[in-house]
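Report on the structure given below.
We count ligands from 1, going down the list as the structure has it; atoms in each ligand are counted the same way.
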Amino acid sequence: MAGMLYLVPTPIGNLGDISVRCRETLEQADFIAAEDTRVTLKLLNYLGIKKSLVSYFEHNKAAKGEKIVERILAGETCALVSDAGSPAISDPGEELVKQCAEAGITVCAIPGPCAAITALSISGQSTGRFCFEGFLSTAKKSRREHLESLIGETRTMIFYEAPHKLTNTLEDMAAVFGADRPLSLCRELTKLHEEVVRTTLGEALEKYTENAPKGEFVLIVAGAPAIEKEVATTADAAARVQQLMEQGLSRKDAIKQTAKELDLPKNVVYDAALRE
Ligand code: SAM
C-alpha cells in the first residue's frame, strides 16, 4: 500500500507556534524531506525528535522529487518541511505535490504558520479579497513589468521581500502605484522585534532610505480604487499615446495628456509607450 505526503508548516520565528499535530506528524513520518536539513535539525532537536532527513530544495527538486515519490509508492510516509512557514508557498513543495498527485498519492496539508496570511490579518488593509504576488524579480525590468501588470488590481496585494531589496521595490511600487497608496510593512512577525508599520509607499520609501531596513518583511499594499481598474492598463495607455500622436501631438504631450486622462504616473505611460 502507498504511503502519504504530509506538508508540515513550521514556525516563522516563534518555536512555540509548532502545533501538536505537526509534532505528531514529524514523529510518525518514516522520513522528513527538508529544504535545509541543518535548519530542520534544530527544530527536531527542540522537539526531541530523531528522524531520517533527506534534502529537498530548489536545485535538486527534480531528481529528489522522483526518489521521494518512489519511496512513498513503496509504502513510506514523508513529511515535507521548509525552513519556515508553509511548504509550497514561495518555498519548495509545489512540484512534489504535483508529482505525488499524478502518481495517485494522497497529499495532506496541515494548517499552520504562513507569513503572508499572518501579515494580511494584522495589516489593517481590506482582507475580503486579496492576491498573493510572492517575490518580485531582482531584475529591474521584470520587476517593473510585474508591478505594471497590477496597476488596475483592486484586491489587497501581498508581497514577500528581502531587506536588501526593499528600498528598490518601494521605489518601483511608488512610481507605479503612486506614492500615496496605503501600505502595511509587517516585519519580523512572531519574533521579539515584530513590527507593523501602517503607512504609504512614499513615506515608507523615505523612512527606509534614511534607515536601512533589517529583518524579514511582508508588504501588504492596498488595491487600487475600483474606478482605476477599468481604465488604467498599460496597453490602454500605449494605445492612447499612439492615438494622440496620430492626431498631431508630440510624444511628450501625448504622454502627459494620457497620464492625466488615465490617472497614471507619467513614467508608467512613457515606459508603456516605448514598449509598444
Ligand atoms: N513558505 C513561507 C511561508 O509560508 O511563510 C515563506 C517562505 S519565503 C522563502 C520567505 C519570505 O517570507 C521572507 O523573505 C519574508 O518576506 C517572509 N517571512 C518569513 N518569515 C517572516 C517573518 N517572521 N516576518 C515577516 N516576514 C516573514
Looking at ligand 1, is there an atom of it that comes within less than 4.0 Å of some heavy atom belonging to [X]?
X	value
T190	no
S86	yes
A162	no

Of the backbone atoms (N, CA, C, O) and the side-chain heavy atoms from C-beta on, which set of [X] has a member under 4.0 Å from an atom of ligand 1: side chain, backbone, both, or neither?
X	result
K191	side chain
A88	neither
P87	neither
L189	both

Between [X] and [Y], do the side chains contain an N or O donor and an N or O acceptor separated by less than 3.5 Å?
X	Y	answer
D36	S55	no
E261	Q257	yes
T190	N14	no
Q247	Q243	no
T169	E161	yes

Once side chain to side chain contact (heavy atoms under 4.5 Å, CB included) is applied, do any residues pair with F159, and if so which ones, sequence neighbours excluded? E133, L136, L147, L150, M157, M173, L219, V221
Counting non-hydrogen protein atoms only, what is the nearest one to [atom]? Give residue, atom name and distance.
atom	value
atom 2 (C) of ligand 1	A84 O, 3.3 Å
atom 13 (C) of ligand 1	E216 OE2, 3.5 Å
atom 26 (N) of ligand 1	V218 CG2, 3.4 Å
atom 7 (C) of ligand 1	D91 OD2, 3.3 Å
atom 5 (O) of ligand 1	A115 N, 2.7 Å

Is it the case that ligand 1 has an N or O less than 3.5 angstrom from some N or O of [X]?
X	answer
S90	no
G85	no
R187	no
S82	no

Contact check, side chains of L7 and I110, non-hydrogen atoms, under 4.5 Å: no
Minimum side-chain heavy-atom gap F31-K51 below 4.5 Å: no
Relative to the heavy atoms of [X], which atoms of ligand 1 are at a distance of less than 4.0 Å?
X	answer
I89	1 (N), 2 (C), 6 (C), 7 (C)
E161	14 (O), 16 (O)
C186	25 (C)

Quick one: do Y208 and V176 end up in the same hydrophobic cluster if we chain Ile, Leu, Val, Met, Phe, Trp and Tyr together by side-chain heavy atoms under 4.5 Å apart? yes
Hey, is the main chain of S126 close enough, under 3.5 Å, to the side chain of T156 for a donor-acceptor pair? yes
Nearest neighbour of atom 11 (C) of ligand 1 from the list F135, F159, F217, on a heavy-atom basis: F135
Lys/Arg N to Asp/Glu carboxylate O, K98 vs E94, below 4.0 Å: yes
Can K207 and E210 be counted as an ion pair, charged N to O under 4.0 angstrom? no
